[in-house]
Amino acid sequence: MKSGRTILGAFAGGIALAVAFGVASAGEMAPGDIKIEDNMVAMSVSGADGNAEEGAAAFKNRGLGNCLACHVNSAMSKELFQGNIGPSLDGVAERYKPEELRAIVVNSKAVFGDETVMPGFYSLDVGKHVREDLVGKTILTSQQVEDIVAYLTTLK
Amino acid sequence: MKRTVIAAAMALGALAMSAGWANADPVDDELEIDGVKMITRAKAPEGHPFDEVYSGWLFREADTRAMEADSIENPAMTAVDDGEAMWNKVEGTAGKSCASCHGNASESMKDVGAHFPKWDASTNKPINVELQINKCRTEQMGAEALPFDKGGQQELTTYIKYQSLGTPVSIDLSQGEMQKWWDQGKELYYTRTGQLNLSCASCHEVGMGKMIRADHLSQGQVNGFPLYRLKSGLTSVHNRFRGCIRDTRAEMPKAFSDELMALEVYVTWRGTGLSVETPAVRH
């Protein structure tokens with residue numbers, strides 16, 4: 001229920017933005033068509049800009065990014081239970097360009113290598129025996145990826 | 001890239017310390033149950049990825065640890081009593097109970113649970129305590145096999161394993177084709193599953209000692225099973241395996257399937273030397 005609403009919210013946000021800024025609908029990129037070069041994804045994968053506020057919601061939502069399962073983020077210090085399997089994301093925008101952050105969220109394995117435990121959030125390079133209803137689906141939508149990237153760029 | 005990660009990890013370490021989190025390492029504490037000292041740290045067997053193996057007890061909060069240490073407080077001790085009642089209950093067409101053949105479990109079953117899974121020549125597969133119970137029921141008692149986790153299967157398994165409390169886990173890989181099943185189990189342990197693309201090793205080897213949300217990741221040992229989970233009660237090994245696999249967003253193999261039997265062989269070996277803690281208490 002809750003995640004359903006967030007997804008709708010993210011969509012609404014995307015559409016509103018696209019209208020507001022008149023973003024030419026370059027269109028969504030399919031996960032298989034995305035090229036990660038020099039650890040970067042140059043263009044928006046949804047064809048629209050990201051919304052940092054929606055991104056913050058998707059970042060902490062356990063059914064979506066669930067990024068706090070593995071990362072500390074002091075900007076969200078009100079959120080209890082932040083994991084530490086990955087590095088803290090404090091100041092991450094100073095360590096990476098937006099295009100690099102996009103590549104990490106889209107498919108962390110293309111950046112960190114196959115051994116990383118971080119899931120690829122907009123990738124179909126997944127594990128075996130994927131739950132039937134999730135076959136062919138990515139963890140996040142292309143717009144949620146853009147929203148989360150927009151949020152990450154605020155972590156300075 | 002590497003340098004950034006290390007710097008970030010160091011910053012995190014400082015943060016974790018200032019926030020007073022209990023993480024990184026298993027706790028420095030000793031477990032004694034009813035006067036019996038438990039081995040919660042043991043030198044790993046040869047070929048193991050860790051130097052030392054740790055009981056999951058060392059990764060739990062102080063109150064959870066205390067609950068296991070005190071058998072009056074341990075909520076699963078009623079399961080031991082229920083299991084004892086089943087041990088003595090006549091069932092099936094042969095008019096027998098477990099006790100009819102095995103007598104007093106505190107003698108006949110002493111230490112037995114510490115050495116399962118074993119090789120079962122009649123099915124040409126490994127057998128665990130649950131399946132051994134079913135074998136006795138169908139072949140000796142003329143009773144129905146118990147369905148997974150039902151009909152007292154967990155309680156009776158708990159009662160049998162409890163007769164090994166404190167005994168170090170060790171399984172014999174030289175029996176039959178145990179080594180082949182160990183190999184398969186190892187393969188599965190390192191196979192990434194599900195949409196989240198994680199293997200057992202991602203969490204219990206690479207992530208061991210770290211926090212995943214509110215959970216302090218242990219080595220995922222099975223020496224305490226069946227055990228009592230504060231959130232969901234008595235829990236069998238295969239139920240736990242299935243839950244962890246489900247959390248990777250993968251389809252779950254069936255209980256007692258070849259996959260989970262192979263995993264049980266391999267994961268049991270990974271805990272060689274740890275005391276049987278059945279019934280352990282975890283969160």
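These figures come from a predicted structure and were not determined experimentally. To find a chain, count down the sequence lines: A is the first, B the second, and so on, and within it residues start at 1.
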Under 6.0 Å from the CG atom of B:Asn124, do we count more than 12 heavy atoms belonging to anything else shown?
yes
Closest heavy-atom contact between A:Val130 and B:Gln195?
CG2-N, 3.9 Å
CA sep, side-chain torsions, deciding dist, call: B:Thr248, A:Arg131, side-chain contact (heavy atoms from CB on, under 4.5 Å)
CA-CA 9 Å; B:Thr248 69; A:Arg131 213 173 74 201; over 6 Å; no
Could you tell me whether a side-chain N or O of A:Gln82 sits under 3.5 Å from a main-chain N or O of B:Arg213, the two making a donor and an acceptor?
no
From A:His129 atom NE2 to B:Thr193 atom OG1, the distance as rounded to the nearest 0.5 Å
7.5 Å
Exceeds 12 heavy-atom contacts within 6.0 angstrom, atom CD of B:Glu52
yes
Per-residue contact mode, B:Leu196 against chain A (heavy atom under 4.5 angstrom):
both
For the NZ atom of B:Lys210 and the SG atom of A:Cys70, what is their distance to the nearest 0.5 Å?
9.5 Å
How about CD on B:Glu187, more than 12 heavy atoms from neighbouring residues, nucleotides or ligands closer than 6.0 Å, or not?
no
Look at atom CG of B:Asp51 and say whether more than 12 heavy atoms of other residues, nucleotides or ligands are closer to it than 6.0 Å.
no
Could you tell me whether B:Glu30 atom CD has more than 12 heavy atoms of other residues or ligands within 6.0 Å of it?
no
Would you check if the side chain of B:Glu251 reaches a backbone N or O of A:Glu132 as a donor-acceptor pair within less than 3.5 Å?
yes
By side chain to side chain contact (heavy atoms under 4.5 Å, CB included), which residues pair with A:Lys109, not counting sequence neighbours?
A:Asn107, A:Asp114, A:Thr116, B:Arg192, B:Asn197
Contact class of A:Ser123 relative to chain B, heavy atoms under 4.5 angstrom
neither
So CG of A:Asn84 and CE of B:Met211: to nearest 0.5 Å the spacing works out to 7.0 Å
Is B:Thr191 in contact with chain A via its backbone, its side chain, both, or neither, using a 4.5 Å heavy-atom distance?
side chain
Atom CZ of B:Arg240: over 12 foreign heavy atoms under 6.0 Å:
no
Contacts of type ring-ring contact (aromatic ring centres under 6.0 Å, His included), residue B:Tyr266, not counting sequence neighbours
B:Trp182, B:Tyr189, B:Trp269
If you count heavy-atom pairs under 4.5 Å with chain A, which of B:Ser202, B:Ala250, B:Ala201 comes out on top?
B:Ala250
With a 4.5 angstrom heavy-atom cut-off, is it the side chain or the backbone of A:Leu89 that approaches chain B, or both, or neither?
neither
Contact class of B:Ile245 relative to chain A, heavy atoms under 4.5 angstrom:
neither
d(B:Ile212 CD1, A:Asn66 CG) to nearest 0.5 Å is 8.0 Å
